[in-house]
Amino acid sequence: MTSYHSNAQEIREVIQTVRAFAAKELAPYADELDREERLAPGIFRRLGELGILGLTCPEEFGGAKLGAVSVVAVMEELSYACPGTCLSYLAHSLLFVHNLAQNASPEQLVRYLPSCISGEMVGGMAMTEPGAGSDAIGLQTKAVRKDDHYVLNGSKMFITNGPVGDVFLVYARTGEDRMSLSTFIVERGFPGFSVGKKLSKMGMRASPTGELVFKDCIVPIENRVGEEGTSVKHMMKNLDIERVGLGAMSLGIARACLDHSLKYAQERQQFSENIINFQAISEKIANMYIGYRAARSFIYEAAQVIEEGRRANQEAAAAKVFASEMATKVALDAIQVLGGYGYIREFPVERLMRDAKLIEIGGGTSEILRNIIVKEFVRKSSK
């Protein structure tokens, strides 16, 4: 596995750049984007100009060749400002760009990476199906080879960037064996490919999600990634960095909730006293901070394992479970601190609570990830 390295100075520079951008270009519009269920106009071009769409990619394609630690830093800052935008960023930069950079042929890299790293093209990844979520290997979309192309039939559900994407990595079954899955690069204009309905969600509403439909979709053979029937390996490997990235999004959400709670508690008076002086309120805020800092250590530890070129199956699963559940609790506590104001949309914490919940589901539910954690213990003990 390729290893990358992010030094402390590089990370500080990335954080400063992304934080300044997000505070100016995302945070003031986050409520509007949530309300209108849309991405900020031209956001991928602007993120491309920042140089963060290919953080882990080779420099010859416009990437930064940094590592998972830098990915975590960027995800936290974007999510602090607008989690929905960050989710679409994750789908593009990790599920498509990073995945492609790790597994594609030199010709495929030349053809797709530069335009995706610049933000000219928007990418996504299509794995989940109406009947295959947690059991990703049970997917039923089929790809049949015909001379110099494949014919894809099936549908994908809950695809981030589905309604706006230009190109997708699509997993499809290419044999009778359960593990015989292959990956295909499918462009929006390919015959037989269409975007189904856009889905209206509880949270992460600034990130467009939809259904993809393949009806006798023609995909050139040169758009197959890797050898036929070998995609389970890179599917699973990419999940490590996805889960760490999702956990980092939880960090951004929790930190935002903490900051909103602190500001409100220091200004709000009841019984002629600022409510931050009430023990019940101060305890909630202290616990928010404790949860955030503990999750942050967990996420960065898992990111470091990935950065060193090792599988982080157990570490990434555990870090995501802890961070995502922490963020949902912190968001609920923030609503409680703000009271009635926390429950109305004039204040952002109710949006952050809705956004936080998705991370307990996407990229592997907490229940499935707990199973993975235990199976890793069993696997290691049997060696």
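Remember, predicted model here, so these are calculated numbers, not experimental data. Heads up: numbering here begins at 1 and tracks the sequence.
- Salt bridge present: D34 and R354 bring a charged side-chain N and a carboxylate O closer than 4.0 Å.
- Note that the CZ atom of F193 and the CZ atom of F214 stand 5.0 Å from one another [nearest 0.5 Å].
- Between E376 and R379, at least one side-chain N (NZ, or NE/NH1/NH2) sits under 4.0 Å from a carboxylate O, which counts as a salt bridge.
- Using a 4.0 Å cut-off between charged side-chain N and carboxylate O, D240 and R310 make no salt bridge.
- Ring centroids of F168 and F96 are separated by 6.0 Å or more, keeping the two rings apart.
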Discussion item. Go through it in stages, so that I can follow the logic: the residues are E360 and T328, the test is side chain to side chain contact (heavy atoms under 4.5 Å, CB included), and I'd like the CA-CA distance, side-chain angles, deciding distance and then a yes or no.
Written reply: CA-CA 8 Å; E360 294 184 61; T328 299; 2.6 Å; yes

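- Summarising the geometry of V337 relative to A265, their closest heavy-atom pair is CG1-CB, 4.4 Å, with the distance given to 0.1 Å.
- Y80 carries R255 over the face of its six-membered ring, with the cationic atom under 6.0 Å from the centre and within 45° of the normal.
- Here the shortest heavy-atom pairing between L113 and C57 reads CD2-SG, 4.4 Å.
- R111 and N223 are linked by a side-chain donor-acceptor pair at a separation below 3.5 angstrom, with hydrogens and angles left out of the test.
- Under the 4.0 Å criterion applied to side-chain N and carboxylate O atoms, E350 and R345 are assigned as salt-bridge partners.
- A salt bridge links D333 with K284; the closest basic N to acidic carboxylate O contact falls under 4.0 Å.
- Heavy-atom minimum distance, C217 versus V186: SG-CG1, 4.2 Å.
- Taking the six-membered ring for Trp and thresholds of 30 and 60 degrees, F44 and H92 have ring planes inclined between 30 and 60 degrees apart.
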Practice prompt. Give the intermediate values and the outcome of side chain to side chain contact (heavy atoms under 4.5 Å, CB included) for residues R351 and D31.
Written response: CA-CA 8 Å; R351 168 176 55 81; D31 287 327; 2.7 Å; yes

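- Side chains of E283 and Q279: a donor-acceptor N/O pair is absent below 3.5 angstrom, by distance only.
- The aromatic rings of F347 and Y264 sit perpendicular, their planes meeting at an angle over 60°, well past the 30° parallel limit.
- Side chains of S70 and E10: no donor on one and acceptor on the other come within 3.5 Å.
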